[in-house]
Protein chains: 2
Amino acid sequence: MAADPMYRQIADDLRRQIEEGELAPGQQLRTELELREKYSASRNTVRDAIKWLITRGLVESRPGQGTFVFEKISPFVTTLTGNPRTSSSGEGTIYSQEVTAQLRTPSDTLPQVEIKQANSPETAELQLPGGASVVSRHQKRFIDGTPWSLQTSFYPMSLVQTGALRLIQAENIDEGTVEYLKESVGIKQVGYRDMITVRAPDNTEATFFKLPDDGRVSVIETRRTAYDDKGVPVRLTVSVYPADRNQLAVKVGEVPDPAEADDAMTAAAADDADAERSG
Amino acid sequence: MAADPMYRQIADDLRRQIEEGELAPGQQLRTELELREKYSASRNTVRDAIKWLITRGLVESRPGQGTFVFEKISPFVTTLTGNPRTSSSGEGTIYSQEVTAQLRTPSDTLPQVEIKQANSPETAELQLPGGASVVSRHQKRFIDGTPWSLQTSFYPMSLVQTGALRLIQAENIDEGTVEYLKESVGIKQVGYRDMITVRAPDNTEATFFKLPDDGRVSVIETRRTAYDDKGVPVRLTVSVYPADRNQLAVKVGEVPDPAEADDAMTAAAADDADAERSG
DNA sequence: GGGTATTTGTCCGTATGTATT
DNA sequence: AAATACATACGGACAAATACC
């Protein structure tokens with residue numbers, strides 16, 4: 001026979017109540033002592049059941065207040081596919097246009113600029129020789145005031161030495177770094193590759209995103225390596241998004257605009273238009 | 001002052017040992033009773049520390065054996081961007097070529113075909129009127145014998161009625177369904193959109209993927225909506241990947257082949273250009 | 001600001017069950 | 001069958017966070 005352990009039975013009963021709507025999002029569960037009586041179990045067993053629900057993101061408990069059914073966050077969609085010659089997945093007006101298009105308000109910190117050695121695995125995609133330096137530009141992004149993503153772009157230091165001086169200034173490059181690199185050092189970005197992984201947040205990320213410190217919410221990491229027309233990597237942008245409030249989108253070929261489904265406008269045309277407006 | 005609680009200090013010490021390599025992947029930790037003595041804590045407190053590590057995926061414990069440092073699975077990379085007119089993210093030879101290119105062995109079940117009503121939110125992307133029917137083709141995929149992804153494609157039933165009869169047969173369409181739809185009913189796929197979300201696995205998924213039932217490992221869900229040259233959605237493919245053994249790749253514009261890089265991260269990103277040419 | 005009641009968080013000891021070797 | 005190691009469950013005590021008066 002071997003029925004499920006008691007803490008699982010309690011957890012399953014509570015989960016059923018949540019999924020069937022008997023317990024609405026945001027609503028407070030009965031206290032541990034009340035549940036202890038209801039299920040004729042010890043408080044520790046009730047706590048085991050609640051822990052099981054917490055791990056699955058169904059409830060959260062707040063010391064001194066109680067345990068509450070989790071409220072879901074309305075996700076924000078980031079489109080990974082853009083115009084290969086302009087998309088910088090980062091600074092500039094394109095990003096903020098995508099945010100406002102979803103009726104949300106973006107804000108971000110000024111870039112934090114550092115110069116590092118390139119020998120760490122962190123910048124392996126840039127294929128730089130050992131001992132070379134990289135410029136790192138780091139930004140924190142918010143949407144509607146809540147922390148939404150962390151982003152760091154790495155550029156070979158050689159770009160600065162050949163004229164892209166604004167890369168080492170701690171201010172936004174409004175026209176986008178892709179456009180700036182073309183103007184200043186004549187480097188044309190012709191494509192990029194994104195590698196998407198899902199992993200547990202590190203300490204910095206958990207703190208910034210205010211993630212529950214039980215590692216339940218994972219983060220999505222995208223590593224964008226951009227190439228010039230000679231196939232040389234010119235930029236690596238690492239973005240980290242908490243998985244509980246983000247979605248990614250990829251568009252390939254001609255895709256109708258979801259807003260106006262009958263419209264024949266192609267995705268590629270839309271991207272070009274955006275890029276021009278921003279440049 | 002208020003130092004961290006003891007179970008966190010113990011967990012942090014163990015985590016440090018793991019991250020610094022003092023405890024190698026696969027290696028057994030000291031038993032709970034030994035740790036109890038080492039840290040002068042009760043066994044329950046040691047267990048709280050271990051639970052904290054388990055939730056974060058650092059260790060796993062096996063009844064009767066012990067607690068072990070978690071061994072990471074070598075990830076498989078799926079490329080989302082392909083030729084807009086052929087990529088089916090699914091059946092046919094393209095997928096299996098991408099797998100073998102990474103020196104892995106693919107296998108999958110025959111498609112399980114069902115006919116359903118289209119009114120569920122499951123198929124909202126197909127924009128079908130209420131009461132319309134859809135064909136659902138479901139497959140389980142394995143790589144090197146371990147469960148790797150679950151995939152379901154939905155097609156409007158009208159495609160079958162106008163001649164795409166093989167859609168309702170429980171056998172693979174080797175040339176790919178995109179090619180088959182072109183031959184049989186003259187529908188040309190010109191593009192697609194992928195929506196990528198990360199979420200907790202449901203029960204079916206947790207069982208199939210043999211995920212730890214603590215909800216720690218999340219799954220990546222991609223919903224691919226494909227359109228014909230009139231902007232009408234012709235297919236919806238929902239794929240579910242366990243996040244602990246999968247990466248996604250997106251390529252835009254011209255991207256050089258990832259040369260035999262010295263780094264494992266890029267080494268797995270096998271080229272799919274060849275696959276497309278052959279498809 | 002202080003004090004008190006409520007609620008969850010941490011920690012202990014103990015007993016018994018279950019899985020593995 | 002016996003030993004080992006983790007899993008579940010109980011009860012108790014005190015600490016810490018929060019809300020309310």
Side-chain angles (χ1 to χ4, degrees), chain A residues 1-15 18 23 26-71 206 210-216, chain B residues 1-15 18 23 26-71 210 212-216:
Chain A
M1 284 302 193
D4 276 352
M6 189 184 306
Y7 81 96
R8 285 281 270 118
Q9 295 181 36
I10 298 175
D12 282 338
D13 189 51
L14 291 170
R15 184 180 58 169
I18 292 171
L23 294 167
Q27 186 179 343
Q28 181 171 4
L29 271 66
R30 275 171 281 195
T31 69
E32 292 174 353
L33 293 186
E34 287 167 341
L35 292 172
R36 169 184 169 282
E37 296 204 352
K38 170 171 181 186
Y39 293 108
S40 308
S42 81
R43 185 183 159 224
N44 278 327
T45 302
V46 168
R47 281 178 60 73
D48 281 346
I50 291 177
K51 248 179 248 172
W52 192 88
L53 295 171
I54 290 177
T55 319
R56 282 157 190 73
L58 294 172
V59 304
E60 67 181 325
S61 48
R62 306 198 271 266
Q65 291 182 253
T67 303
F68 301 82
V69 179
F70 202 82
E71 291 187 85
K210 298 191 181 68
L211 298 181
D213 87 333
D214 62 358
R216 165 173 47 80
Chain B
M1 286 306 190
D4 276 351
M6 188 185 306
Y7 81 96
R8 285 280 269 118
Q9 295 181 35
I10 298 175
D12 282 337
D13 188 51
L14 290 170
R15 185 180 57 169
I18 292 171
L23 293 166
Q27 186 178 345
Q28 180 171 5
L29 272 64
R30 275 171 280 196
T31 70
E32 293 175 351
L33 292 185
E34 287 167 340
L35 293 173
R36 171 182 169 284
E37 296 202 354
K38 169 171 182 188
Y39 293 109
S40 309
S42 82
R43 185 179 158 231
N44 278 329
T45 302
V46 168
R47 280 178 59 74
D48 282 344
I50 291 178
K51 246 179 248 172
W52 192 88
L53 295 170
I54 289 177
T55 336
R56 284 160 188 70
L58 294 171
V59 305
E60 67 182 324
S61 46
R62 306 198 272 264
Q65 297 186 50
T67 304
F68 301 81
V69 180
F70 202 83
E71 290 188 86
K210 297 191 180 68
D213 87 333
D214 63 358
R216 167 171 46 80

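Model, not experiment: these values are computed from the prediction. In what follows, every chain begins at residue 1, and chains take the letters A, B, ... in the order their sequences are listed.
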- Item | Result of checking B:Ile54, B:Leu14, B:Leu23 against B:Val59 for side chain to side chain contact (heavy atoms under 4.5 Å, CB included) |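 Only match with B:Val59 under side chain to side chain contact (heavy atoms under 4.5 Å, CB included): B:Ile54.
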Mind calculating the distance between [atom1] ([X]) and [atom2] ([N]) to the nearest angstrom?
X: A:Trp52; N: D:dA7; atom1: CH2; atom2: C1'; answer: 16 Å
X: A:Ile10; N: D:dA9; atom1: CD1; atom2: C1'; answer: 10 Å
X: B:Met6; N: C:dG9; atom1: CE; atom2: P; answer: 18 Å
X: B:Arg8; N: C:dC11; atom1: CZ; atom2: C1'; answer: 16 Å
X: B:Leu33; N: C:dC12; atom1: CG; atom2: P; answer: 14 Å
X: A:Arg30; N: C:dT8; atom1: CZ; atom2: P; answer: 13 Å
X: A:Arg36; N: C:dT6; atom1: CZ; atom2: C1'; answer: 16 Å
X: B:Tyr7; N: C:dC12; atom1: OH; atom2: P; answer: 13 Å

- Query: For DNA chain D, which residues in residues 41-51 of chain A have a heavy atom at a distance below 4.0 Å?
  - Reply: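 A:Ala41, A:Ser42, A:Arg43, A:Asn44, A:Thr45 - these, ordered by number, are the residues of the stretch whose heavy atoms sit under 4.0 Å from the strand.
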- Message: For DNA chain D, which residues of residues 61-69 of chain B approach it to below 4.0 angstrom with any heavy atom?
- Response: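 Contacting residues: B:Ser61, B:Arg62, B:Pro63, B:Gly64, B:Gln65, B:Gly66, B:Thr67.
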- Message: Tell me whether the count of non-hydrogen atoms from other residues, nucleotides or ligands lying under 6.0 Å of NZ in B:Lys38 goes above 12.
- Response: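 Yes, the 6.0 Å shell around NZ holds more than 12 heavy atoms from other groups.
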- Message: I need the B:Arg36 CZ to B:Arg30 CZ distance, nearest 0.5 Å.
- Response: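 Going from the CZ atom of B:Arg36 to the CZ atom of B:Arg30 covers 15.0 Å.
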Contacts of type side-chain contact (heavy atoms from CB on, under 4.5 Å), residue [X], not counting sequence neighbours:
X: A:Arg62; value: A:Glu60, A:Gln65, A:Phe68
X: B:Glu37; value: none
X: A:Thr45; value: A:Met6, A:Tyr7, A:Ile10, A:Ala41, A:Ser42
X: B:Arg15; value: A:Asn203, B:Asp12, B:Glu19, B:Trp52, B:Leu53, B:Leu58

- In the strands shown, is D:dA1 matched to any nucleotide by a Watson-Crick or G-U wobble pair with both distances under 3.5 Å, and which? none
- Query: B:Lys51 versus A:Asp48: any side-chain heavy-atom pair under 4.5 Å?
  - Reply: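 B:Lys51 reaches A:Asp48 side chain to side chain.
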- Out of D:dA9, C:dT7, D:dC6, which nucleotide sits closest to the side chain of A:Thr31? C:dT7
- Task: Heavy atoms only: give me the nearest A:Leu33-A:Arg43 pair and the separation to one decimal.
- Result: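 Looking at all heavy atoms of both residues, the closest pair is CD2-CD, 4.2 Å.
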